Structure formats: structure tokens, C-alpha cells
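Structure record follows, encoded as C-alpha cells.
So you know, we letter chains A, B, ... as the sequences are listed, proteins then strands, and number each from 1. In this text, all values refer to a predicted model and were calculated from it rather than measured experimentally.
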Amino acid sequence: MASIVWFRKCLRLHDNESLVRACKLGDGVVPIFILDPHFVDTKRIGVNQFSFFLQGLTDLDQQLRKLGSQLVVLRGKPEKVFEGIFKGKHPFKAKTLLFEHDTTPYAVKRDETIEKLAKRHGIAVETFSGHTLINIKEVSGSKGFKCPTTNGMVEKMLQKVKIREPLPVPRLPKFKVKGYAMFTLKELGYKEQPKHFAKGGEREGLRNLKAVCGNKKYVRRFNKTKTSCTTGHKAGRVSTTGMSPYLSSGFVSIRTVYHAVKRVLASGSHTRAPESLLGQLYFREMFYMLAATTKNFDSAKNRYCLDVPWDKKAAFQNAWATGKTGYPFIDALMRQLKETGWIHHLGRHALACFLTRGDLWQHWTFGRDVFGKLLIDADGSLNNGNWQALAGVAPWSSQWFRIYSPVPDDKSALNVGMDGAWLKTFVPEVKNMPAKYMYCPWTAPKDVQEKAKCVIGKDYPAPIVDHAKARDANLNKFKKALSSRGSKRKAEDKSTKKSKAQGSKRKVEGKAPRATSLLKKLRMA
DNA sequence: GGATCCGTTGTAGCT
DNA sequence: AAGCTACAACGGATC
């Protein structure tokens, strides 16, 4: 009669509360992983993403074996698999089942089913919070809970709770069993070779965290809005920390990252949230809380989402998703994403803005699914939250009329490298273009196009839309969607309570412009 | 209850 | 060259 530790996320030995507790119970520990058919879908999950995950799972098994244990890999729907375990159909018997909370919609349902099943079989269940800094299950159930929608709100929330230090790796009881071998990409139906830019696994993730935090100046001065968008074409050279895939999979504990960063910040002055490294963690918490507590967070029907009449145009969606829009910057980003499974956050902004409110006027859920499939750090909570932000439909969106240009220059907020080194890697069609035409090859004179072997319409597509025209038309459509919601709300107010005396005044004449000092953003503690 | 402030990250043009 | 302003102008929180 043993303690079953069910690995789902939290694919690690450090700061694994289920594992520590199981060892303490003293009944023996059986680490299991269940290959759920729900997560075997080559259409929904790309080869890079699954390969990165499989590397981490293999790393976990290898580490367990070094300590005299092993990972038991089971296959099938979790309720069926557990039924088998609880009925004694395996060479190990369950007394207690332990796992980490997962607040995402599929997991919540799955875990409720499993808990009920375990109780029916007289198996004790113990669960722990660990994928987020805040215990979302606990906090969202407490009275007066208000889900944060800004970075500052999360910062305030975190100031009120104590985040415990990560737990060390426990001493594991010996465990050996035959069979239950690891699966392969090939048997799951993946035909292409994975080519992702980072290696998966706890050891690799912790090594990366150590390297990042070893550069104290980098951590203390980190300012997200200043990091370069055009990195990642050379192995291991990215302007951000590269920690996201290790966090989405749970190869590295969020608490471990939080405390490691805090220790560095304590050594001197540093940037502040939201642009700082901690600010990035606050956004993660925010999107996890929003996703966990908002009904239909993954669709436009959720309470926050503005209803916008997006078009559905297959030609636009295909051009975007295959990197053939005729805008080299946009196409390079999409091709980098497809090839390597990773792009810089600002690149994600550019792609998302272009697909939705900026240029193509397509639904954000289409882009959400493409990112969800291709990114090695894909994370449903963050993906839905960020896509709504960039489509301009969420309260946490930046201002909707601020539209990124798909032809960046050296002043762009997207921090794009103008030397073209990154661009040429992913859009070789423009590699012989003079630098000034590289991001807008259609503006080059015909003879220049011919000389560069980049004739627009032949070697590389013409721009799918005229950005200036599309931008104007979309701004008007967006304005309309906002005002129709405004009138809907006014009508609701009237029907529910006392009517407001006057309609909302739109613009105040002669209002002083807002001072947006960069100093404010760079404030140091 | 009205004014003001705030919100991760726009762009063009000027000094 | 970096920093500022004009331009577009919303909803929600706060005082």
C-alpha cells in the first residue's frame, strides 16, 4: 500500500510538495504519469511543443532512477487508469493519491472525477498548490475576492501573503517495476523532426535559472519594454530569460524563480513592476487567476470580452498562419514560431495585433489556437489572456487605437533589429535587398527588386493589405463596436436602476495632455 | 458625484 | 540621440 504521486505539471523533484509529503507518509512512493489521449493530438499540439515536454518527462524519469525510483508511465483516460490502479490491477497498490492543483478547465473537471473515484475506493487524496505563487483555489473561494485585472493589483495581493521558500528534493524510498516504458514521438503520430530552441527538463531549466540569476546586473536592470524582439535565431541567445517553457510545464517551480529573483534584487537598486522581472511573474499570476475564475475565459462570451464583429476570411488566416502576408517582419515571426517553437513576447504582440485589430480583422481565437499549438511555452491561461489583450477586447488591453506598424523602424516600440540578421534567417527571400527595403521590399524600385532576386509577386508575395488603409478602416470598426457596447450598457443601466441624468460626455475640450515621462517607467527602487 | 488618474510596451515629428 | 509632445481617446478605480 503506497502513496501514488501523480505527475501532470510539476514535472520536477525540487519544490514538489506532493512528493515531499508522500515520502513523509512512509508507505512507499509510486511516481506515475498518465498519457491522456486528450493531450495526444498532433493537430492541436505541435511537434516542438510535445518534444520539449517529452524531454522533460524523460529527464524526470532519469533523475528518479538515479535516486532508486522510477516513473511509471500509464496510458489511457485518467479515470480508467485510476480505476485499474484502485482495483489492484497493477503490481503496486494505492493508499493515498497526491497531486498538485491544476486550475485550467479540463484539469478541474478531470481532477474532480478522480477525487470522487478515489474516495469511492477508500483512497485518501491530498492536493497542493504549486503552479502559481498564489493559492488560487483558496484565494478565489475567500469572501470579498476580486480578481485582479492589472499588474499593480497583483503586486498588492502578493504583498499581503508570504510565499514560502521552495522545498528541497526529498529522500525517496526505493521503487522498481517492470514495463510501463516511456512513449515516443513517432508512436504518437509525429512525423516531422522537432527543432525547438531550448531543451526540456528540470535540470536544464534550473541550469538556465542559475545562469540568468548569475548575471545580477541583467536581473536588476531588466526592463521588458526594452528587450530585443529579434533574438532567438542563434542558439541560446535571447534577450529575455527563456524561463517561460520551464514554468508552463512545471519543470521549474514558480516559487524557486520568485525567490531566486528576489535574492538578486535585494542586492541593490532595480527596475520595478510591471516592466521588471517580478512584474512578468505578476502577469502570470493575473492571467492564471482570471482564467480560473472567469466563465468561458477561452471564448468571446466571457464577461470581460468586448464583442467585436470579426471577419472570417480563410485567405487572410492562411496567409498569416503560414508566414505569407507579404510583410517580412510578420512572416519572419510566424516562420520562427513554426520552426523553433518560440518567439519574443513583443513579436507575439506584432503577430496578434496584425491578425486582429491592426490589419486582418480576424478573430483572436484563431490566432490563440495557432500559438497554443506551436509555442513550446504554450499555456492556456496566459494565451487566452494575452490574445484578448492584444485584440483590444479586454479591460487589461493596452489602448485599442495604438496599433503596431508591421513595417518597424529603429524607433518602433517593438525593438526590432534593423541590421536584418534575424530577418534574413527566417525570410531568406529578402536577404539580398538593401537594408532600407528589407522590411518593405515592395517599395524598392523594380530594378532593385530584380537585382536582389526578390521580385514582389514572384519571389515574395505583395502585402496582403495596405496597412495604412486597413488600420484606418479597423479603427473605425473598433470605435463602432465600443459605442454599441456603450449604448447597450446604458440601456441595461436604465432598465435595472435609476437612469443617469446625462449621456457620458466623450471628449473634454482643452484638456491638458497627459505627461508620459519615460523616467516614470524607469523608476528604480 | 465629478474630476482625475491609471493602464506592461504606438507613432511621427520636433528639439 | 534621447526625450518630449501631439494625435488618437476608453473604462474602471480612486479620491
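For dC10(C), the base is not stacked against the aromatic ring of W400(A), per a cut-off of 5.5 Å between centres and 30° between planes.
Residues from residues 349-364 of chain A with heavy atoms under 4.0 angstrom of DNA chain B, sorted by number: H349(A).
Look at the P atom in both dC6(B) and dT5(C): the space between them is 16 Å, to the nearest Å. Rounded to the nearest Å, the gap between the C1' atom of dT14(C) and that of dG1(B) is 13 Å. Across the C1' atoms, dA9(C) and dC5(B) are found 15 Å apart, a figure rounded to whole Å.
Using a 3.5 Å distance cut-off with no hydrogens or angles, the side chains of H196(A) and S51(A) do pair a donor with an acceptor. Under the 3.5 Å distance criterion, with hydrogens and angles disregarded, no donor-acceptor pair is assigned to the side chains of T240(A) and H345(A). Donor-acceptor pairing under 3.5 Å is lacking for the side chains of N386(A) and R348(A). Remark: the R284(A) side chain and the H131(A) side chain contain an N/O donor-acceptor pair separated by less than 3.5 Å. In this structure, a donor-acceptor pair under 3.5 Å is absent between the side chains of Q336(A) and H233(A).
Proximity of a side-chain donor or acceptor of E285(A) to a complementary backbone N or O of I134(A) within less than 3.5 Å is detected. Remark: side-chain polar atoms of D15(A) are not paired, donor with acceptor, to backbone N or O of S253(A) under 3.5 angstrom. For the pair R8(A) (side chain) and E100(A) (backbone), a donor-acceptor distance under 3.5 Å is present.
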Output side-chain donor-acceptor pairs under 3.5 Å for residues 315-326 of chain A, partner residues at least two apart or in another chain, one line each.
residue : atom : partner : partner atom : Å
Q317(A) : NE2  : Q362(A) : OE1          : 3.2
N318(A) : ND2  : A314(A) : O            : 3.3
W320(A) : NE1  : L351(A) : O            : 3.1
T322(A) : OG1  : N318(A) : O            : 2.6
T325(A) : OG1  : Y327(A) : N            : 3.1
T325(A) : OG1  : D331(A) : OD1          : 2.8

Pairs under 3.5 angstrom only: tabulate donor-acceptor contacts from the side chains of residues 435-447 of chain A to other protein residues two or more places apart or in another chain.
residue : atom : partner : partner atom : Å
Y439(A) : OH   : G417(A) : O            : 3.0
T443(A) : OG1  : C440(A) : O            : 2.7

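Distance, L382(A) CG to dT8(B) P: 14 Å, rounded to whole Å. In this structure, N474(A) atom CG and dG10(B) atom C1' are separated by 16 Å, rounded to whole Å. Counting to the nearest Å, the C1' atom of dG7(B) and the CH2 atom of W396(A) are 13 Å from each other. The distance from atom NZ of K224(A) to atom P of dT9(B) is 12 Å, rounded to the nearest whole Å. Atom CD of Q399(A) and atom P of dT8(B) are 11 Å apart (whole Å).
E155(A) and K160(A) are not joined by a salt bridge, as no carboxylate oxygen comes within less than 4.0 angstrom of a charged side-chain nitrogen.
A sub-4.0 Å separation between OP1 or OP2 of dT9(B) and a side-chain N or O of S398(A) is present. Within the structure, a side-chain polar atom (N or O) of K479(A) is placed less than 4.0 Å from OP1 or OP2 of dA9(C).
Aromatic ring centroids of F52(A) and Y246(A) lie under 6.0 Å apart.
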Practice task
Go through the steps for F426(A) and F329(A) under the test ring pair (Phe, Tyr, Trp, His ring centres under 6.0 Å), then give the verdict.
Solution key: CA-CA 9 Å; F426(A) 298 103; F329(A) 177 51; over 10 Å; no

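Among the protein residues, Y282(A) comes within range of no part of the nucleic acid, since none of its heavy atoms lies under 4.0 Å from any strand.
Using bins of under 30°, 30° to 60° and over 60° for the plane-to-plane angle, the ring pair F222(A)/Y218(A) lands in the perpendicular bin.
Pairing analysis of DNA chain B (Watson-Crick: purine N1 to pyrimidine N3 plus N6-O4 or O6-N4; G-U wobble: N1-O2 and O6-N3; both under 3.5 Å) yields stems of 3 or more pairs at B:2-7 with C:10-15, B:10-15 with C:2-7.
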Check: protein-nucleotides 11-14 of chain B nitrogen or oxygen pairs below 3.5 Å:
residue : atom : partner : partner atom : Å
dT11(B) : OP1  : S405(A) : N            : 2.5
dT11(B) : OP2  : A413(A) : N            : 3.2

Give me, pair by pair, the N or O atoms of the protein and of nucleotides 13-15 of chain C that are less than 3.5 Å apart, along with how far apart they are.
residue : atom : partner : partner atom : Å
dA13(C) : OP1  : K146(A) : NZ           : 3.1

